[in-house]
Amino acid sequence: NQVKQALFSTAFDPKPGTDTVIDDTVINIFGYGIPNVDSVLKLYPPTLPSYTKDQLLDPYPNPFVVNLANDNDKIYFPFFLARPTRVAEITIYTLSGEFIANTLLASILRPGRYGINGRREELEQIGAVWNGKNEKGKLVGSGLYFVVLRTGYTTDVKKFALVR
């Protein structure tokens with residue numbers, strides 16, 4: 001309704017028509033005119049998430065359901081980099097802090113958002129995925145886990161659930 005009202009309020013009618021009154025309401029039978037979208041954007045400027053530091057975005061799928069019959073199950077860790085980095089790694093820990101697995105990401109990463117809008121292949125290419133196994137190749141148990149993104153500039157943490 002706010003968008004509709006904003007478009008109506010900024011519309012310009014180059015050929016004003018006659019108005020009709022229905023149930024004590026004045027109605028312009030030719031519409032409101034041509035909306036001025038530029039004016040609407042000035043009234044309601046678009047907002048984008050402002051990332052100022054390297055950070056993890058929400059892992060998906062969460063919860064991560066491991067199917068024992070399917071060895072291709074993976075959880076993906078999208079992230080944002082504020083500046084280029086040569087050092088980036090993802091580490092998985094249990095809720096109690098026990099180390100599970102570590103992955104070094106691609107050697108040089110440019111600034112930007114990685115793996116958003118379901119771009120899983122991008123995350124697989126740089127190594128920001130996990131298959132639910134520890135460093136010894138054994139499946140870990142169901143529970144809550146932390147994923148930690150470390151770059152040369154910052155550290156960020158997200159929580160996710162694993163179900164078997």
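Numbers here simply count residues along the sequence, with the first being 1. None of these values were measured; they are calculated from a predicted model.
Side-chain N or O atoms of Glu124 include none that pairs as donor or acceptor with a backbone N or O of Val129 at under 3.5 Å. With hydrogens and angles disregarded, no donor-acceptor distance shorter than 3.5 Å links the side chain of Thr155 to the backbone of Arg150. Under the 3.5 Å distance criterion, the side-chain polar atoms of Asp54 are matched with a main-chain donor or acceptor of Ala82.
Two residues are said to be in side-chain contact when any heavy atoms from C-beta on lie closer than 4.5 Å; Leu123 and Pro78 meet this criterion. Within the 4.5 Å cutoff, the side chain of Thr154 has no heavy atoms near those of the Gln55 side chain. Side-chain contact between Lys53 and Asp156 is present, with heavy atoms from C-beta onward closer than 4.5 Å. Within the 4.5 Å cutoff, no side-chain heavy atoms of Lys159 are placed close to those of Val157. Side-chain contact between Leu109 and Phe79: present, with at least one pair of heavy atoms (C-beta onward) separated by less than 4.5 Å.
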### Query
Yes or no on side-chain contact (heavy atoms from CB on, under 4.5 Å) for Trp130 and Ile90, after CA distance, side-chain angles and deciding distance?
CA-CA 9 Å; Trp130 183 53; Ile90 286 184; over 6 Å; no

### Query
Could you walk me through whether Tyr145 and Tyr93 pass the side-chain contact (heavy atoms from CB on, under 4.5 Å) check?
CA-CA 6 Å; Tyr145 291 84; Tyr93 295 96; over 6 Å; no

### Message
Evaluate Ile100 against Thr94 for side-chain contact (heavy atoms from CB on, under 4.5 Å), listing each step before the verdict.
### Response
CA-CA 7 Å; Ile100 299 295; Thr94 64; 3.5 Å; yes

### Message
Let's go through Ile92 and Phe160 carefully: what are the C-alpha distance in whole Å and the side-chain angles of both, what is the deciding distance for side-chain contact (heavy atoms from CB on, under 4.5 Å) to 0.1 Å, and is it a yes or a no?
### Response
CA-CA 10 Å; Ile92 310 293; Phe160 66 93; 4.1 Å; yes

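The OG1 atom of Thr91 sits 8.5 Å away from the CG atom of Leu104 when rounded to the nearest 0.5 Å. Here the CG-NZ distance, from Asp58 to Lys158, works out to 4.5 Å after rounding to the nearest 0.5 Å. Considering CZ of Arg119 and CZ of Arg113, their distance stands at 9.0 Å, rounded to 0.5 Å. Separating the CZ atom in Arg86 from the CD1 atom in Ile108 is a distance of 4.0 Å, to the nearest 0.5 Å. Rounded to the nearest 0.5 Å, atoms CG (Leu56) and CG (Leu149) are 4.5 Å apart.
Each of Leu57, Leu105, Val147 was compared with Phe77 under the side-chain contact (heavy atoms from CB on, under 4.5 Å) criterion, and only Val147 meets it.
Annotation for Phe64 and Lys74: closest pair CE1-C, 3.4 Å, computed over non-hydrogen atoms. Summarising the geometry of Asn131 relative to Lys133, their closest heavy-atom pair is OD1-N, 3.1 Å, with the distance given to 0.1 Å. In terms of heavy-atom proximity, Gly152 sits nearest to Thr85 at N-OG1, 3.7 Å. Closest heavy-atom contact between Leu162 and Gly141: CD2-O, 3.4 Å. In this structure, Pro61 and Arg120 approach most closely via the heavy-atom pair CD-NH2, 4.5 Å.
Residues satisfying the ring-ring contact (aromatic ring centres under 6.0 Å, His included) test with Tyr60, not counting sequence neighbours, are Tyr76.
Hydrophobic clustering, with ILVMFWY side chains joined whenever heavy atoms are under 4.5 angstrom apart, groups Phe146 together with Phe99.
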